[in-house]
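This report refers to the structure that appears directly beneath it.
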Amino acid sequence: MIMDRKEFLSQMGLGVASLLVPVCIGGLSSCSKVGSGTPAPSNVDFTIDTSKGALSVNGGYLLQSGVIVARTKTGTFIAVSAACTHEGTNVNYSSSSASFICPNHGARFNESGAVTQGPASKSLTKYNTILTGMSLRVYS
Ligand code: FES
């Protein structure tokens, strides 16, 4: 018995539509997950009152507008983009290790935002900070 392609596919349980569904094969960039995570915020410019809340104590930190703002154990204020450059999970700050740590896959960044441990390979974006009295300005 000779069957044509349509009959063959029909008997195999494969309709023509199923052949049109894209299939991801490892290594094809069009199917792979984008590894650069969430873009760092640009045009950042906001002010925080450091007399209260998380930034009123050394080691405290908070997230605002996609930026993680931290007060180091010596009282210096630092700010970097919050989204891990691996897959975008927000990082936490550890004053004891002077690091930003991603809770998702364990990437670490120093207080300047540079990668100190993978799997992330790109630095966090560092923002400027200036303290006037108790008012902290964070800006690009
Ligand atoms: S999302 Fe941060 S290490 Fe993977």
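Atoms within each ligand, like the ligands themselves, are counted from 1 in listed order. All heavy atoms count here, side chains included; hydrogens, waters and symmetry mates do not. All values reported here derive from a predicted model rather than from experimental measurement.
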Mode of Cys102 contact toward ligand 1 - side chain, backbone, both, neither (heavy atoms, under 4.0 Å): side chain
So, for [X] and [Y], which heavy atoms are closest and what is the spacing to 0.1 Å?
{"X": "Val138", "Y": "Ala79", "answer": "CG1-CB, 3.7 Å"}
{"X": "Gly60", "Y": "Leu55", "answer": "O-CD2, 3.7 Å"}
{"X": "Thr50", "Y": "Arg71", "answer": "O-NH1, 4.4 Å"}

So Ser95 and Thr72, do their side chains get closer than 4.5 Å, heavy atoms only? no
Here the atoms of ligand 1 under 4.0 Å from any heavy atom belonging to Ala107 are 3 (S)
Subset of ligand 1 atoms that lie under 4.0 Å from at least one heavy atom of Asn104: 1 (S)
When Val91, Val69, Asn90, Asn92 are each screened for side chain to side chain contact (heavy atoms under 4.5 Å, CB included) with Leu63, the one that passes is Asn90
For His86, the N, O or S atom at the shortest distance from atom 4 (Fe) of ligand 1 is ND1
When you measure from atom 4 (Fe) of ligand 1 to each N, O or S atom of His105, which atom gives the shortest distance? ND1
Provide, to 0.1 Å, the distance between atom 1 (S) of ligand 1 and the closest protein heavy atom, together with that atom's residue and name. Glu87 N, 3.4 Å
Can you tell me if Cys84 has an N, O or S atom under 2.8 Å away from atom 4 (Fe) of ligand 1? no
Measure up the Phe100 and Tyr93 rings against each other and bin them: parallel (under 30°), tilted (30 to 60°), perpendicular (over 60°). tilted
